[in-house]
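Each chain gets a letter, A, B and so on, in the order its sequence line appears, and its residues count up from 1. Side chains are part of it too, since the values below use all heavy atoms of this structure and drop only hydrogens, waters and symmetry mates.
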Protein chains: 2
Amino acid sequence: MSSSDHSLRVLVRKLESIGPLSAEERQAVESLPVKTRVLEPGHDIVNDGDQPSHSCLVLSGWVCRYKMLSLGRRQVLSFHVAGDIPDLQSLHLPLMDYSLAPLTRSAVAFIAHESLRELTATFPGLAAVLTRDLLIDAAAYRAWLTGLGRRSAYERLAHLFCELYLRQQAVGLAEAHRCPLPITQMDLGDALGLSNVHVNRVLKEMRGSGLVTLRAGTLVIEKWPELAQAAEFDPSYLHLRSGHAV
Amino acid sequence: MSSSDHSLRVLVRKLESIGPLSAEERQAVESLPVKTRVLEPGHDIVNDGDQPSHSCLVLSGWVCRYKMLSLGRRQVLSFHVAGDIPDLQSLHLPLMDYSLAPLTRSAVAFIAHESLRELTATFPGLAAVLTRDLLIDAAAYRAWLTGLGRRSAYERLAHLFCELYLRQQAVGLAEAHRCPLPITQMDLGDALGLSNVHVNRVLKEMRGSGLVTLRAGTLVIEKWPELAQAAEFDPSYLHLRSGHAV
DNA sequence: CGCATGGTTGAGGCTCATCAACGCCCGTGG
DNA sequence: CCACGGGCGTTGATGAGCCTCAACCATGCG
């Protein structure tokens, strides 16, 4: 079931934000066989403990990785937008150690591991880009870890906003000074190790200081320099190819 | 400058804890050219922002990854023991986004990226094992992230102890119910997002409840089941080949 | 012996969690 | 068309968990 509507272009765009692709490589990516689905929040894509035979490319909407603890405690590990393949690592590490779920209505394309193996065997350049993508992922974990361990609630939110803006900009999903952020304050809290109540209070404070406004699923960054400074944000961990002027 | 004393056996042992190696692969790893050094705490191995041309294999002692923030805030991202190559990712991601430092007097072997590239080009099986190692690293980040975000101080310490015990057991560094842990309470705090004072208090509490004792650089696990339960510890994220009975 | 490093303990305070109530928006069904 | 309900955002009150500061102790080393 090939994609007739070029939905795989979001993947090409993402990979090109990481490293250059040849025309052949672009072509090979775009003709990957996929199964497309539209998913609603509340229905997980893959679960902790699974051994999936496909990986999941996000085509639209927002998806997150998360882990659960007792007493309903949830930790969101990352957010994903169009172009991301959050469970790419299951190609090399069969057993899932986290779950994957849509946070909004999302379209995803399932790509068989077999297809990916064939692709990377044929195009070592693509294999290298995908490896880089996995390692950039790890760099993002390091940044989040630093935030959870040593940043205040205010700094954590500021840092997350910087990251999400730049990542979306890199794949053409952001406008000047604004980008989509259609997730609940609960989800933000679960990502930042905070309660939804406290997220709300910090957002109010940020709004008051005129740095950032989050409303109706849109993030508006009014003062990028101040925001980046408050977050001690250094974009190098995203390892983006392009500059990121705002 | 080859290793005359087979110091690379620690690497073989580590890689075999991840996946099987053929005799040729073992031989190839053991004959990697390396430069060995002994390093003292306080002198970083690699720094945030560097673009190293070598990766660093730990031969003995304890090494950590860390990131710094303003006001002296430090976040330790991982601990490493003999057999680990903490900055292996610099082979694919040239720019370091964290620093690497010894926590005790440590012996390390520097392996040129060029040598590693040659090795993985010749032995795809080794390339696969190294990739798996990088991804297991990411799994550990996820476990730590969950701890920092959603676990109490007590649970975080318990979880860390479980991880460090099993990882050392996997490469033959642990005895029954005990293993080395020669790092300061300050370092533990910087890893767990806690102050050294609070680490001290929680350790006292654990000692009191008879679960775990940490003294003179040795961790003694008196009640593994209770400890693992308190931590909600699930070892699957370590993706070890062997079972891990205690 | 004196000093440095790291471990231990107490007092007080701040950040953030929890609980609870209320308002808004929007979809749904009578 | 309106009543109802659920999800989400907002606000207040209270308290737990952990931090900071500061002092003191134990150990090891020159």
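Under a 3.5 Å cut-off, the side chain of A:Gln75 and the backbone N or O of A:Asp190 do form a donor-acceptor pair. A:Asp87 places a side-chain N or O within donor-acceptor distance of the main-chain N or O of A:Cys56, the cut-off being under 3.5 Å. A donor-acceptor contact shorter than 3.5 Å is absent between the side chain of B:Gln89 and the backbone of B:Leu134.
Taking atom CD of A:Glu205 as the reference point, atom P of C:dT15 lies 10 Å away to the nearest angstrom. With rounding to whole Å, B:Arg151 atom CZ is found 17 Å from C:dA17 atom P. Whole-Å rounding puts the B:Leu148 CG to D:dG17 C1' distance at 15 Å. The NE2-P distance, from A:His198 to C:dC19, rounds to 17 Å in whole Å. For the pair A:Leu188 CG and D:dG9 C1', the computed distance is 12 Å after rounding to whole Å. In this structure, CG of A:Asp190 is placed 12 Å from P of D:dC8, rounded to the nearest angstrom. C:dT18 atom C1' lies 12 Å from atom CZ of B:Arg150, rounded to whole Å. Distance A:Gln75 CD to C:dA17 P: 12 Å, rounded to the nearest Å.
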Mind running side chain to side chain contact (heavy atoms under 4.5 Å, CB included) on B:Glu163 and B:Phe79 for me, showing each step along the way?
CA-CA 10 Å; B:Glu163 171 180 325; B:Phe79 293 114; over 6 Å; no
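Between B:Asp137 and B:Arg65 there is a salt bridge, since a side-chain N of the basic residue sits under 4.0 Å from a carboxylate O of the acidic one.
Using a 4.0 Å heavy-atom distance criterion, B:Gly193 is classed as a sugar-phosphate-only contact.
Of the inter-residue distances, the one linking B:Tyr66 atom OH with B:Asn47 atom CG reads 5.5 Å to the nearest 0.5 angstrom.
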Close N or O pairs between protein and nucleotides 5-13 of chain C (under 3.5 Å):
| from | atom 1 | to | atom 2 | distance (Å) |
| --- | --- | --- | --- | --- |
| C:dG7 | OP2 | B:Gln185 | N | 3.0 |
| C:dT8 | OP2 | B:Gln185 | NE2 | 2.9 |
| C:dT8 | OP2 | B:Asn200 | ND2 | 2.6 |
| C:dT8 | O5' | B:Asn200 | ND2 | 3.2 |
| C:dT9 | OP2 | B:Lys204 | NZ | 3.3 |
| C:dG10 | N7 | B:Arg201 | NH2 | 2.3 |
| C:dG10 | O6 | B:Arg201 | NH2 | 3.4 |

